[in-house]
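See below for the structure under consideration.
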Amino acid sequence: LNVINDFTVTAGDVKTESLGDILGSLTVGGTFTLASGATFRDALPNTSTYSAGSFSFDAASTYELYGATQNIPATTFGHLTVSATGTKSITGNTTAAGNLSITAGVLSVTETNGLTITGTTTNSVGAEGLIVESDASGTGSVIFGGTVTGDVTVERFLTHDRGHYIAGQSNISGDFDGLSMGLGTPGSTTNQFYRWEEDYLYGGYTGNWVDILNGEDGTGDNTLMATEGFVACKGYAINYITTDKTLSLSGAPYIVDKS
């Protein structure tokens, strides 16, 4: 469908591909508008749907992604829904002015791009349903403006042989051993993982780094990997000596201040 001027959905549902109102691509020369209460159900692949001069989506409209593999451009949606298997990728700085709902598939916030949700977020798929990606070029970003139901997976690319300071970006449950951080066997690895303890007395000094991975004597006999996990507001020093590492950690995101 090629629209020379504006394309406006004032009410009801407009469906693409297998559901049938629009087949193939949609090109809008003017403004693509979704009014309050209107729904656009999109199964068109990649960016073909989004060829428009500009977008105007009311905060109470709904944009539903039910295709297999789709790219989502930098624009402001109303309610945003992901309802089919496959990966839907945020490819710019995108906003959901309403709510975000993920009932199937994967919503991926790709490297260097961002997603802001003004309303509530409901991810019923599990941690694999919402992923913030990271690589050497950068890390994606998600800002939650309302309540969040469900977990999120956050990646973080770490350059090897460099000290990095990390923290749990969400309420990550379980001990470090169970998080599959790839640090190696305590006592026989050159990788490093520490936390700072102000009251820790060692070597006659108060205030020291605690060796979580290899233990106080470096042998691995008193490693803390199986007895400790991420604590809110606590930073951890980590260094993968020989190989770059992309950490992938999952949990319920913090939506209130922590202290």
Side-chain angles (χ1 to χ4, degrees), residues 1-110 112-125 129-133 140-150:
L1 178 62
N2 187 4
V3 180
I4 297 175
N5 295 310
D6 297 336
F7 178 77
T8 301
V9 182
T10 58
D13 294 359
V14 171
K15 301 173 285 292
T16 67
E17 290 300 298
S18 61
L19 292 183
D21 294 323
I22 299 174
L23 301 177
S25 64
L26 171 63
T27 301
V28 179
T31 300
F32 179 7
T33 299
L34 278 182
S36 174
T39 298
F40 189 84
R41 303 189 67 191
D42 175 21
L44 296 173
N46 298 323
T47 57
S48 59
T49 300
Y50 311 110
S51 178
S54 61
F55 302 95
S56 178
F57 297 150
D58 189 273
S61 67
T62 299
Y63 203 105
E64 180 179 353
L65 294 147
Y66 72 96
T69 300
Q70 295 173 280
N71 292 336
I72 306 169
T75 193
T76 298
F77 295 92
H79 302 307
L80 187 61
T81 299
V82 177
S83 63
T85 58
T87 299
K88 321 299 184 284
S89 299
I90 299 290
T91 59
N93 291 319
T94 300
T95 297
N99 303 324
L100 171 65
S101 175
I102 305 170
T103 60
V106 178
L107 178 61
S108 174
V109 184
T110 55
T112 75
N113 298 307
L115 172 64
T116 299
I117 306 106
T118 302
T120 62
T121 297
T122 303
N123 174 19
S124 58
V125 175
L130 178 55
I131 301 175
V132 183
E133 296 186 358
S141 168
V142 176
I143 298 175
F144 299 102
T147 59
V148 179
T149 302

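Because the structure is a prediction, the values reported are computed rather than measured.
Atom CG of Asn99 and atom OG1 of Thr121 lie 7.5 Å apart (nearest 0.5 Å). The CG atom of Asn71 lies 10.5 Å from the CG atom of Leu65; values are rounded to the nearest 0.5 Å. Atom OG1 of Thr76 and atom CG of Asn93 lie 10.0 Å apart (nearest 0.5 Å). Here the straight-line distance linking atom CZ of Phe57 with atom CZ of Phe40 works out to 8.0 Å at 0.5 Å rounding. Taking OG1 of Thr118 as the reference point, atom NE2 of His79 lies at 11.0 Å (rounded to 0.5 Å). In this structure, OG on Ser108 lies 8.5 Å from CD1 on Ile90, to the nearest 0.5 angstrom.
With sequence neighbours left out, Thr110 forms a side chain to side chain donor-acceptor pair (under 3.5 Å) with Asn113.
Of the possible polar contacts, none joining the Thr85 side chain to the Ala104 backbone as a donor-acceptor pair under 3.5 Å is found. Distance alone, capped at 3.5 Å, is enough to place a donor-acceptor pair between the Lys88 side chain and the Gly67 backbone. Between the Thr95 side chain and the Phe77 main chain, no donor and acceptor come within less than 3.5 Å of each other.
Val28 and Phe32 get closest at one heavy-atom pair: CG1-N, 4.2 Å. Between Thr39 and Val9, the closest heavy-atom pair is O-CG1, 4.4 Å. Nearest heavy-atom pair across Arg41 and Asp13 is CD-OD2, 4.3 Å. When all heavy atoms of Ala60 and Ser36 are compared, the closest pair comes out as CB-OG, 3.4 Å. The minimum heavy-atom distance between Thr10 and Ala35, with the atom names listed, is O-CB, 3.6 Å. When all heavy atoms of Ser54 and Thr31 are compared, the pair lying nearest together is OG-OG1, 2.8 Å.
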Would you check, one step at a time, whether the test side chain to side chain contact (heavy atoms under 4.5 Å, CB included) holds for Thr81 with Thr62? CA-CA 7 Å; Thr81 299; Thr62 299; 4.0 Å; yes
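Just one of Ile131, Leu100, Thr87 meets the side-chain contact (heavy atoms from CB on, under 4.5 Å) condition when paired with Leu107; it is Leu100.
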